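Take a look at the structure below.
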Amino acid sequence: MRVKSRDESLNTSGECDGSNDLLTGNPPSGQSRKNMKQRFLKLLPCCHVDSTPTVRQNSIEEDFELATVCYRPDSLEKMMEQTKFSKTELQILYRSFKSECPSGLVNEETFKLIYSHFFPHGDSSAYAHFLFEAFDRHKNGAVSFEDFVVGLSIILRGTVTDRLGWAFSLYDLNKDGCITKEEMNDIMKSIYDMMGKYTHPCMKDSASREHVESFFQKMDRNNDGVVTMEEFLESCQKDEAIMESMQMLDHVI
């Protein structure tokens, strides 16, 4: 499954360009801001959004409604109610999804394969597993088109609380309502493994552990060794760099 972008020269090889996410503290600027938005879109599986589709919209809608695949998605109208995407956006997203996933479902191995293409210098399998778990709403080992667009809608069109809640769920690996240092260590290790050893500047072996300590110093308000949803939301909403990075996703699609 290949994800296309208008800018084929994007840095998707795992190199670190200083862009910001929920776990980093340096606010992005200039080219880094542009790269983050473009890379985010490019890393989304099956997401090829083109402002000038090469087929008629009627054809897209017919494919959507009459798709002969193993898994039949919900109607456009129902998914418009479940997401914040327009009818046209859903049609284009579905056409791309169907062309790359004829069965209508993406399993974890395929999901991991997608990510491995974008991080050839690192091991993205662990992070892809965590991300797959976040998209797999029904915990049945497969991500459907509905799963994909519902998650994508939260990330790109949700409120600040919605987006932070989705991120919290990603980090809360055992879904018990709090993030432990062990869970955050697993997440951070997976991110650094994905970026690989050939980043510039080179990262120290202790970088992931230091990042976890910084995360807990900022988020664990009562110093009880875990970060709750309330602590996470409060800390993130007071962090200007995090808020700025989230706003950059508003117009990705």
Side-chain angles (χ1 to χ4, degrees), residues 1-6 37 40-115 128-172 175 177 229 233 246-253:
M1 194 183 313
R2 194 172 80 87
V3 182
K4 300 178 183 178
S5 169
R6 293 190 184 94
K37 290 178 65 175
F40 183 90
L41 178 60
K42 193 170 184 181
L43 289 178
L44 294 172
C46 305
C47 186
H48 175 206
V49 180
D50 196 329
S51 60
T52 56
T54 57
V55 298
R56 294 179 298 108
Q57 284 196 5
N58 286 344
S59 175
I60 298 173
E61 186 165 10
E62 289 170 3
D63 281 349
F64 189 100
E65 299 293 350
L66 303 175
T68 55
V69 295
C70 298
Y71 177 85
R72 182 181 295 276
D74 289 333
S75 67
L76 271 172
E77 289 71 22
K78 184 173 181 179
M79 277 190 279
M80 287 172 65
E81 294 175 359
Q82 294 177 330
T83 71
K84 295 184 179 181
F85 292 126
S86 68
K87 182 177 181 179
T88 299
E89 288 170 332
L90 286 169
Q91 289 170 339
I92 295 172
L93 285 168
Y94 179 71
R95 178 174 177 268
S96 181
F97 191 96
K98 180 194 170 190
S99 68
E100 301 291 352
C101 313
S103 70
L105 298 169
V106 179
N107 62 28
E108 184 170 343
E109 290 307 309
T110 301
F111 199 88
K112 288 180 177 179
L113 182 61
I114 294 169
Y115 269 73
H129 167 74
F130 297 141
L131 196 58
F132 181 86
E133 291 282 302
F135 274 104
D136 182 9
R137 294 183 299 156
H138 302 294
K139 307 306 174 189
N140 59 1
V143 172
S144 66
F145 180 66
E146 292 95 324
D147 294 331
F148 173 63
V149 294
V150 167
L152 191 61
S153 177
I154 293 172
I155 296 168
L156 299 182
R157 302 283 170 82
T159 64
V160 168
T161 301
D162 291 338
R163 295 176 183 184
L164 291 175
W166 195 91
F168 182 89
S169 179
L170 173 64
Y171 305 149
D172 178 16
K175 312 306 177 190
M229 172 74 85
L233 291 176
M246 294 186 66
Q247 290 171 3
M248 285 162 44
L249 300 176
D250 288 343
H251 305 290
V252 169
I253 293 182

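Since this is a predicted model, take the numbers as computed values, not measurements. As a basis for the values below, the full set of heavy atoms in this structure was taken, side chains included, without hydrogen atoms, waters or symmetry mates.
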Within the side chain of [X], is there an N or O that forms a donor-acceptor pair under 3.5 Å with the backbone of [Y]?
X	Y	answer
D172	S169	no
K98	L93	no
D136	V143	no
S144	L105	no

Would you say that [X] contacts [Y] through its side chain, given a criterion of any heavy-atom pair below 4.5 Å between the two side chains?
X	Y	value
T83	R157	no
K78	E146	no
V106	F97	yes

Could you report the tightest heavy-atom contact between [X] and [Y], atom names first, then the distance?
X	Y	result
V149	M79	CG2-SD, 3.9 Å
M80	K87	SD-CB, 3.7 Å
M246	V160	CE-O, 3.8 Å
A142	D147	O-OD2, 3.5 Å
F132	N107	CE1-C, 3.6 Å
I155	R163	O-NE, 3.2 Å

Could you state the interatomic distance from [atom1] ([X]) to [atom2] ([Y]), rounded to the nearest 0.5 Å?
X	Y	atom1	atom2	result
E89	L76	CD	CG	12.0 Å
F85	L152	CZ	CG	4.0 Å
S86	I92	OG	CD1	7.5 Å

Across all chains, not counting sequence neighbours, the side-chain hydrogen bond (donor to acceptor under 3.5 Å, both in side chains) partners of E108 are K112, H129
What is the ring orientation for F135 with F111, classed by angle as parallel under 30°, tilted 30 to 60°, or perpendicular over 60°?
-> tilted
Worked check of ring pair (Phe, Tyr, Trp, His ring centres under 6.0 Å) between Y171 and W166 | CA-CA 9 Å; Y171 305 149; W166 195 91; 9.0 Å; no
